[in-house]
Each structure stands twice: as C-alpha cells, then as structure tokens.
Amino acid sequence: MTEHNYNPQALEENAQQYWLEQNSFAVRQDDTREKFYCLAMFPYPSGQLHMGHVRNYTIADVIARYQRMQGKNVLQPMGWDAFGLPAENAAIKHNVPPAQWTAQNIDDMRAQLRRLGFAYDWDRELATCDPDYYRWEQWFFTRLFEKGLAYKKKAEVNWCETDQTVLANEQVVDGCCWRCDNPVERREIDQWFIRITDYAEQLLTDLDQLDQWPEQVRTMQRNWIGRSEGVELDFDCNGESLTVYTTRPDTLMGATYMAVAPQHPIARQAAAGDPVLASFIESIANVKVAEAHMATMEKLGMDTGLTATHPLTGEPIPIWIANFVLMSYGSGAVMCVPAHDDRDHAFASKYQLPIVQVVDKPGCNYDAGVWQDWYAEKSSKTRTINSGEFNGRHFEEAFNGIADKLQEVGKGKRTVNYRLRDWGVSRQRYWGAPIPIINCDACGTVPVPESDLPVVLPTNVAFEGVGSPIKSMPEFYETECPACGGAATRETDTFDTFMESSWYYARYGCAQNDKAMLDAEADYWTPVDQYVGGIEHAILHLLYSRFYHKLLRDEGLVSSDEPFTRLLTQGMVLKDGAKMSKSKGNTVDPQSLIDRYGADTVRLFSMFAAPPEQSLEWSDAGVEGANRFLKRLWKLGATHIGAGAAPALDIVKLSDQQKAVRRKLHETIAKVSDDYGRRQTFNTAIAAVMELCNELGRLGSEDNDRAIMDEALRGIVLMLSPIVPHICHTLWRALGESSDILGQQWPAVDESALSRDSIELVIQVKGKVRGKVSVSADADDATIQQAALAQDNVSRFVEELGDYAMKIVPGKLVSIFPRKK
RNA sequence: GCGAGUGUGGUGGAAUUGGUAUACACAUCAGACUUAAAAUCUGACGGCUUAACGGCUAUGCGGGUUCAAGUCCCGCCACUCGCACCA
C-alpha cells in the first residue's frame with residue numbers, strides 16, 4: 001500500500017472491477033455446502049434509488065456477505081417489480097410508453113446498485129414485465145382456474161364517471177377523483193378472484209412454524225386472517241331467509257334490528273317502491289372502497305319498513321339499510337345487538353332504536369344511555385338476562401345453549417369464519433400481465449391454452465385518455481375461442497401486481513429456464529433463508545407470497561410449506577422526523593453522497609445510524625462522521641503496514657495492558673459475531689469495532705504491541721467487510737493476503753484471551769449505587785461482603801439502615817437493603 | 001375506527017435474561033498544530049448542587065410490583081406503519 005490517504009472513488013472502482021472480472025457473486029447448486037438464500041424485496045423501478053432502497057439492500061448485502069464467511073453457498077439475486085401504476089402516470093404525463101419508461105428506469109437503477117457494490121448474482125436478474133416472466137404466471141393462473149381455485153364474481157371498485165375509469169384507493173382524494181376532482185362512486189363489476197380463504201386455516205396454523213419472524217408480523221397476520229367461531233343463522237323475511245353470521249349468539253335475545261348493505265336484494269326490493277329509500281341508497285354509494293374510510297365515516301341508515309322474524313322468539317325485527325355494511329363481506333347483512341356491541345350501540349342511539357340488555361355483570365351498573373367496555377365482555381363473569389330459558393348463563397354456556405337450540409330448530413349452524421377475503425386479482429389497467437382468459441358467447445370463460453401463452457401485452461401504445469389502451473385495441477382483444485373456434489374476446493383486465501411479487505423469489509432459482517415455471521434448482525434454493533424488506537409489507541405482500549408458495553407446493557413445484565424462513569422488517573428512513581418524499585421536499589439523493597464520500601461511507605452510515613427494525617433519522621453530519629471513521633481505519637492500517645511486517649505474538653511475555661487490549665479484541669469478536677448472526681443489530685457491531693479501534697491507540701511499538709495490532713487489524717477488516725466491502729477488500733490485500741476476503745472464514749474467538757483475574761462489582765444501598773469494588777474473580781461471598789462494607793461511602797449509608805440484608809448477584813453487584821420487619 | 005409498533009441528553013442511538021442509565025457517534029465548547037483557515041489530534045459534555053469528595057434528580061405522563069424498573073403490570077398522551085386497487 002503506497003497510498004497514505006483514503007481514496008474511496010479509486011479504491012471502490014478497483015474492487016468492483018475485480019468482482020466483475022472474477023464473477024465473484026454468481027452461484028450454482030452445490031450439494032457439498034449448506035445453501036443460504038438471502039433476499040431483499042425487489043424494487044419498483046421508479047428511476048431513482050432512494051435511501052430506503054440503500055438501507056434495505058445494504059442490510060441484505062451485509063447478511064449475505066456474512067453468511068458467505070460462514071462457509072455457505074450464498075445466493076443473493078436482484079430484479080424488478082416492473083408493472084404498476086406509476087408507469088401509466090408517467091405515460092400520460094410525459095407521453096412515453098410505459099415499457100420504454102420502465103426499461104430506462106431499470107437501466108438507471110441497475111447502474112446505481114452496481115455502484116453500491118452489492119454482491120448480486122446478476123445472471124439471475126428478472127423483470128416482471130418481461131413476457132418470459134409473466135407467461136408462467138399466466139400458465140399458473142390457468143392451472144388454478146382448472147382446479148377451481150380461480151373464479152369470477154362481482155365486486156365493487158371506485159368509479160369515476162367523468163373519466164370513465166376505475167380508480168385505485170390512492171387516486172381517490174377526499175372522495176373525489178385526483179384527476180378531474182369529481183366525486184367517486186362505488187360500482188360493481190365482474191372480477192377474478194383466487195380462493196385464498198380455502199387456505200386460511202393453513203396460513204394461520206403455519207404461522208407457528210415461522211419462529212424466525214418478528215412476533216409483531218405474525219400477530220398482524222393472525223389478526224388479518226381473523227379466524228372466529230360463531231353461528232350462521234337465518235331470520236325469516238317474507239318467506240325468504242336472511243342469513244347473518246355472528247360471533248355472539250349468546251346475545252341473540254338482544255337483537256333489536258337488522259342492517260343490510262345498500263346493494264342487498266332486500267334493500268333493492270324495498271327501494272323499488274320507495275323513492276325516498278332509493279335516493280338514500282344513491283346518496284350513500286358515494287363512498288371510497290377502503291376499510292379505514294368505512295370505519296371512520298359517519299354511520300348512516302334508513303328503515304326499510306320491512307321486518308325479519310327472530311328465529312327463537314318469533315318477534316318482528318326492523319330491517320335497516322346501513323352504509324357500513326358491505327355486500328362483499330359475508331352475506332351483506334348483520335344482526336344488531338346495541339346493548340352489547342359499541343358500533344350497534346352508537347347507531348341505535350342515533351336513530352332511537354331499542355336497546356335491550358341481555359348480559360349482566362355482578363358489580364357493574366348498566367346504563368343503556370352510556371356505552372361502557374364491559375357491555376361487550378365475553379367471559380365467565382357475566383350472566384345472561386332477559387333471555388328466557390337461557391338466563392343466568394356465562395358466555396360459553398349461553399353461546400352453546402343458543403347455538404344448540406338454533407341447530408335443533410333448523411335455524412342455524414355453528415361455523416368457523418375468517419375476516420380474510422378472497423384475493424381479487426383483476427385490475428382494469430394497462431400496465432400489468434394480461435389475464436389469460438377468453439370470453440366466448442358459446443363456451444363461457446375459457447383459459448388460454450398453454451401452447452398460446454404468453455398472452456403478450458402490446459407495448460407500442462399511446463395513452464390518449466386515462467383508460468387502458470388495450471381496452472380499445474381490437475387487434476388485441478379480438479380472437480378465436482380455443483374451445484369452439486368461434487369469434488371471442490380476450491380479457492382486457494390485467495393482474496394485480498401482487499401476483500408477480502408473490503413468486504419472484506422462487507423464480508430467481510431458475511430465472512433462465514424457458515421450459516418450466518420452476519425446476520429442481522428453484523426447489524434447491526427455496527425457501528429463502530433470510531428475507532429483508534419494509535415493515536409496510538407485513539401483511540399483504542407477505543401473506544400473498546405465503547399463499548402462493550402453498551399453491552406452488554400443491555402444484556408440485558416446490559417442496560417446502562413456507563417461502564421465507566427468517567424475516568427482517570426494516571424501518572423507514574426519515575428526514576426531520578418525517579418520511580422522505582418528493583412532495584415534502586426532504587429527500588436525500590444517495591447518488592450525490594456516493595459521489596462525494598464513496599459507497600462504503602453511505603453503507604456504513606445507513607447501518608450505524610439505527611438498528612435495522614427501527615426507523616432511521618437521516619443526518620448529513622452523521623454521514624460525515626462515518627466517513628471520518630473510514631479515514632481513521634485506513635490510516636491505522638496504512639501506518640501499521642508502512643512499518644513493515646509484524647512479529648509473531650509472544651503470549652508469555654504479554655504485559656497487563658497488552659493482555660487487556662487483546663481481551664478487548666476477542667470480546668469484540670464475540671460481540672460482533674452475536675450482533676451479526678443472532679441479533680442482527682449492525683449498529684452495535686459497528687460501535688463495538690469503533691471502541692476497539694479507540695483502544696488500539698494505546699498500543700506502543702514493541703514487538704507484542706505490533707503483533708496485537710496485526711491480529712486486531714485482520715479481525716477488524718474481516719468483521720467490517722460485509723458492511724464496507726471495498727475498503728476491506730483493499731486493506732486485506734495490503735495486509736499481505738493473496739486470497740480473496742470474500743470467502744475468508746469469519747474470525748474466531750480465542751477463549752483464553754477472555755479470562756480475567758479480577759472483576760468489578762457495583763455496590764447498591766437501598767437501590768442506589770454507592771460504590772464499586774474490585775475483587776478477584778473467584779472471591780467468595782464473605783470476602784465480597786467485607787470488601788463492600790469496607791468502603792466509606794457504603795458504610796455511611798449502611799449505618800442509616802439499622803438491621804440490613806444483603807444480596808450478591810454473581811459477577812454484577814452487591815445489593816444492601818433494610819431487612820423486612 | 002380497528003390491528004401492530006415506537007417514545008431515553010442539544011441530535012442519532014446503547015443498555016441482549018429485571019442488575020452501574022446515557023456505550024458508540026453527531027453537534028457544541030476548550031486546548032494543541034498552523035501566519036491563518038480547513039483537516040487532524042487531545043479534553044469537556046443530561047439537569048440542579050458542591051471548593052472538592054459527594055448529594056439530589058432524570059428514560060413521553062400517572063400509578064403499581066420488586067432489594068433493584070428504560071426493561072414487568074395497569075391507566076393515559078403523542079407519533080409511525082397497515083387496513084385488501086400505491087408498491
């Protein structure tokens with residue numbers, strides 16, 4: 001090493017050139033080593049890398065490089081989640097076809113990722129907008145169709161009448177279209193669904209296998225699936241049965257009204273002869289299709305004038321139309337028990353509907369005018385009242401009694417219900433994978449035969465309006481029916497982009513295979529051993545991927561049950577306490593930082609500033625500090641190397657101070673190994689190495705000092721190489737090594753260096769620290785006690801106690817406190 | 001509204017199993033080097049108090065359990081993520 005100054009631009013270019021020439025990160029199946037598949041969630045190619053990407057990909061890269069140093073066969077691929085709305089918006093705004101815009105963005109972002117030095121096997125790169133990718137998704141969908149797992153039904157969308165188009169939730173601003181600002185309405189259209197509810201139970205129980213997932217993500221998924229046990233029961237309404245599901249059959253005697261969705265047949269029937277009802281229904285259709293909105297909007301309802309018959313009492317119960325009941329959830333109707341459900345209570349209070357208490361709790365006062373949380377309690381402490389033969393029972397007895405009775409009289413049955421709904425995969429957009437279905441007047445819906453796949457999305461399109469161009473392209477949709485040969489039309493809807501992102505991780509295993517969706521090598525690499533991505537994907541993407549993996553398994557394409565063995569959910573990157581966004585104008589461009597400081601500095605800062613799971617507050621000054629540390633490290637190495645070869649360590653001649661420095665080195669190796677492998681807290685690993693570097697400044701220039709410095713520098717370079725690979729690659733060579741640092745073994749702890757002769761104990765009196773004492777490592781309790789009390793500041797406070805007791809926590813502290821009388 | 005998190009110095013954060021709160025950095029201040037500045041190096045750095053030793057106090061707020069609580073329990077407050085067509 002001749003360069004005395006740290007020159008990241010040159011050094012990083014050399015390292016990256018070397019990796020490229022050596023093809024250092026291309027991997028194949030190798031049954032002699034343990035495989036490790038490390039994956040970060042692939043990006044949407046927006047055109048510019050942002051800090052969230054840098055953080056996400058650095059975390060994954062650090063783990064991949066660390067695992068390689070554990071001797072594993074490591075795969076880390078990269079690709080593009082290339083379909084989606086932004087490309088269409090760009091097309092409308094800049095008059096560029098989405099395919100062209102996307103391809104350009106991919107090129108730009110690939111160059112940025114390369115500049116950051118990530119250890120990707122680029123031979124496996126894929127883009128979901130490539131027909132070679134989505135053809136398999138189309139093929140798989142036809143398999144699901146044949147198995148009955150894909151079906152068509154009506155579902156609601158946000159509809160803009162002015163633009164004649166469907167809007168995504170994010171395109172609805174304050175209930176209005178973002179482009180034309182006209183109010184949005186709900187509209188029902190035919191859409192394709194996949195039966196994820198058939199897999200609800202597996203998706204729920206298999207969460208127990210995922211012991212290397214964050215507990216919070218498992219909990220969120222559990223709640224999202226929302227398994228409940230209840231009763232499906234029938235109310236009679238003019239000879240037709242009105243079916244509802246309830247988890248509270250125990251409160252059935254308190255049901256005082258029913259509520260149905262505005263689109264429910266009963267609502268339509270009632271509105272047919274009643275213009276007031278009809279206009280009410282119209283007025284409440286003006287609502288965004290989003291649960292959060294449904295839950296927070298004002299609850300509105302109107303009496304239909306119709307009644308349903310209570311299945312046990314035979315009493316008539318009024319039926320209301322309500323804007324918070326969804327036709328697409330369950331049966332589109334609910335029974336309401338205002339005394340014991342707070343939403344029903346609020347609605348009943350608003351419209352002066354009767355409230356009948358049927359559950360009581362000893363020691364609590366019921367007041368129908370004021371909601372209290374215990375009204376909804378399901379426990380052994382409550383007792384049923386006003387419920388005839390079912391009086392006096394706690395929750396479970398009442399539930400069972402009423403459920404049995406309903407079953408007996410043929411008015412209901414126990415069922416397990418899920419909050420999870422089937423996955424709607426149709427999108428009325430252009431930039432997505434075409435749904436491979438042909439509609440034939442004679443044969444109905446016919447899947448496109450495998451030999452005709454892929455159904456290629458035309459890319460040479462012009463956006464004239466806001467709607468999908470292929471919907472007005474007869475050359476695309478006019479076709480022949482594969483079954484009867486007659487004239488037919490293609491589906492012009494495309495797939496939800498979650499379809500592509502639900503199986504890409506498996507496709508990396510055989511990205512070049514043009515004969516099959518997945519093969520033996522894909523099965524070898526799956527499941528992903530470490531998946532890294534944003535916490536915002538905790539439910540949807542991860543649940544759909546888990547579902548898809550089970551579908552792939554049941555098709556015989558993979559042999560595991562779950563796609564991602566270990567999951568790390570990274571927090572967001574903030575600036576001034578807020579999420580970085582163009583609209584706030586608080587973005588930081590990674591490229592300009594790389595240009596200024598180099599990739600290693602950017603990588604180091606993003607790993608040092610916060611633990612991966614927490615949000616990261618961006619700081620320009622902090623980046624400066626990271627750069628300063630790398631300069632110091634470089635100088636430490638350059639000075640040591642410049643002084644010539646280091647002598648061998650002479651263990652017997654080590655001074656106490658040398659022993660202490662060497663102990664610090666091996667303690668650091670132990671800590672850093674734990675931080676990388678088990679805890680995945682790279683910020684504390686970096687801090688520990690910084691501490692060690694500070695300590696090394698105490699070494700002199702004696703032989704043993706130089707020997708320890710040499711040992712320590714090698715350890716530091718190895719330990720930091722996953723985080724700052726370029727500088728470590730260079731320093732490793734400069735330390736005289738001819739082999740590549742990438743495949744080096746992770747440094748080992750020398751247990752003998754860790755031993756201590758004496759330990760320091762903290763002395764607490766009444767819980768406050770009053771002193772410290774140094775005792776030999778094998779001191780007995782009596783010796784420790786004596787040493788503790790010998791301190792003036794301790795004895796001073798102990799005297800005030802009178803009769804005292806003492807507790808010794810081995811290796812940690814001595815606690816002295818008043819004896820209990 | 002529902003579900004899941006987070007909250008510690010001027011700032012980012014550390015404290016891993018209930019055991020020394022503030023590691024490691026950033027910023028600031030002081031000193032060294034310099035004609036000067038930058039860079040670099042050294043030191044100080046939660047608040048109040050003390051000549052000093054030391055003492056008191058502090059982990060969003062209010063309670064509780066414990067010899068001991070940032071950590072566990074109960075009740076609040078604030079913020080963040082998700083809510084099925086953003087990805």
Side-chain angles (χ1 to χ4, degrees), chain A residues 41 43-44 46 81 83-86 157-158 166-172 191 214-217 219-220 222-224 226 289-297 324 342-343 420-424 426-429 496-498 501 534-541 543-544 569 571-572 574 577-579 605 608-611 613-626 628-629 631-632 635 671 674-675 678-679 681 683-684 686-691 694 697 760-770 772 792-793 796 804-807 809 811-813 815-820:
Chain A
M41 289 178 187
Y44 177 81
S46 59
D81 188 13
F83 276 137
L85 220 42
V157 291
N158 301 310
V166 174
L167 298 175
N169 279 332
E170 71 159 11
Q171 296 175 317
V172 180
Q191 307 205 58
E215 192 54 51
Q216 54 158 316
V217 175
T219 305
M220 282 193 265
R222 227 171 253 131
N223 293 340
W224 184 262
V289 186
E291 199 183 271
H293 189 248
M294 295 291 290
T296 48
M297 71 187 178
F324 57 85
D342 65 344
R343 291 192 318 179
L420 180 68
R421 315 195 299 259
D422 273 341
W423 177 11
S426 297
R427 295 294 180 270
Q428 299 69 40
R429 313 199 192 290
D496 175 10
T497 56
F498 278 126
S501 58
I535 184 67
E536 66 273 20
H537 297 291
I539 296 176
L540 291 180
H541 164 60
L543 189 67
Y544 290 139
T569 48
M572 292 187 313
L574 309 176
K579 190 173 172 174
F605 175 74
F608 179 61
E613 312 222 78
Q614 272 180 39
S615 59
L616 181 156
E617 175 67 33
W618 189 261
S619 153
D620 291 336
V623 178
E624 192 86 41
R628 201 176 301 156
F629 172 72
K631 282 187 202 160
R632 270 204 296 269
K635 200 170 146 194
K671 173 167 176 55
D674 189 42
D675 284 352
R678 181 180 64 87
R679 299 214 305 154
T681 52
N683 58 326
T684 52
I686 294 164
V689 173
M690 287 175 168
E691 267 186 73
N694 293 343
E760 189 173 71
L761 296 178
V762 164
I763 309 162
Q764 289 184 352
V765 182
K766 270 177 88 179
K768 288 191 200 283
V769 178
R770 298 301 181 188
K772 290 171 191 174
D792 287 351
N793 201 46
R796 192 176 125 205
Y804 66 87
M806 186 179 297
K807 185 184 166 89
V809 181
K812 292 244 165 80
L813 58 73
S815 183
I816 305 167
F817 49 91
R819 196 182 292 279
K820 268 189 190 156

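Every chain is numbered from 1, with letters handed out A, B, ... down the list of sequences. Only a predicted model underlies this, so the values are computations on that prediction, with no experimental measurement involved.
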Exercise for the section: Kindly indicate whether the side chain of A/Lys807 and the base of B/U66 share any N or O donor-acceptor pair separated by less than 3.5 Å? Expected result: no

Completion exercise
Between A/Arg427 and A/Lys768, the residue closer to the 5' end of RNA chain B by nearest nucleotide is A/Lys768

Exercise for the section: Quick one: label A/Phe629 by what it contacts on the DNA or RNA (base, sugar-phosphate, nothing), any heavy atom closer than 4.0 Å. Expected result: nothing

Problem - Whole-angstrom distance between B/C79 and B/C86, as gauged at atom P - result: 25 Å

Exercise for the section: Using the P atom on both, measure B/C67 against B/G62 and round to a whole Å. Expected result: 24 Å

Practice task
Describe the nucleic acid contact of A/Val689 in one word from base, sugar-phosphate, nothing, applying a heavy-atom distance below 4.0 Å.
Solution key: nothing

Exercise for the section: With the side chain of A/Glu291 defined as its heavy atoms from C-beta on, choose the nearest nucleotide among B/C86, B/U40, B/C83. Expected result: B/C83

Exercise for the section: Assign A/Thr296 to base, sugar-phosphate, or nothing according to its heavy-atom contacts below 4.0 angstrom with the strands shown. Expected result: base

Exercise for the section: Check whether the side chain of A/Arg678 and the base of B/U16 form a donor-acceptor pair under 3.5 Å. Expected result: yes

Practice task
Identify which nucleotide among B/C26, B/C24, B/A14 has an atom closest to any side-chain atom of A/Ala621, counting heavy atoms from C-beta outward.
Solution key: B/C26

Handout entry: Side chain of A/Arg628 (C-beta onward), nearest among B/A25, B/U40, B/A15
Key = B/U40

Fill in the blank from the handout: For B/C61, the nucleotide meeting Watson-Crick or G-U wobble distances (both under 3.5 Å) is B/G75

Practice task
For the residue pair A/Thr684 and A/Asp675, confirm or rule out a side-chain donor-acceptor distance under 3.5 Å.
Solution key: yes

Exercise for the section: For B/G46 and B/A37, measure between their C1' atoms and round to the nearest Å. Expected result: 33 Å

Exercise for the section: Determine the contact category for A/Arg222: base if any of its heavy atoms lies under 4.0 Å from a base atom, sugar-phosphate if only primed atoms, P, OP1 or OP2 are that close, otherwise nothing. Expected result: nothing

Exercise for the section: Give one of base, sugar-phosphate or nothing for A/Glu215, where a contact means two heavy atoms less than 4.0 Å apart. Expected result: nothing

Exercise for the section: Scan A/Asp792 against the nucleic acid and name what it touches under 4.0 Å (heavy atoms): base, sugar-phosphate only, or nothing. Expected result: nothing

Exercise for the section: For A/Met297, report the nucleic acid contact type (base, sugar-phosphate, nothing); a contact means any heavy atom under 4.0 Å. Expected result: nothing

Practice task
Using the closest heavy atom to pick a nucleotide of RNA chain B for each, name whichever of A/Ile816 or A/Val762 lands nearer the 5' end.
Solution key: A/Val762

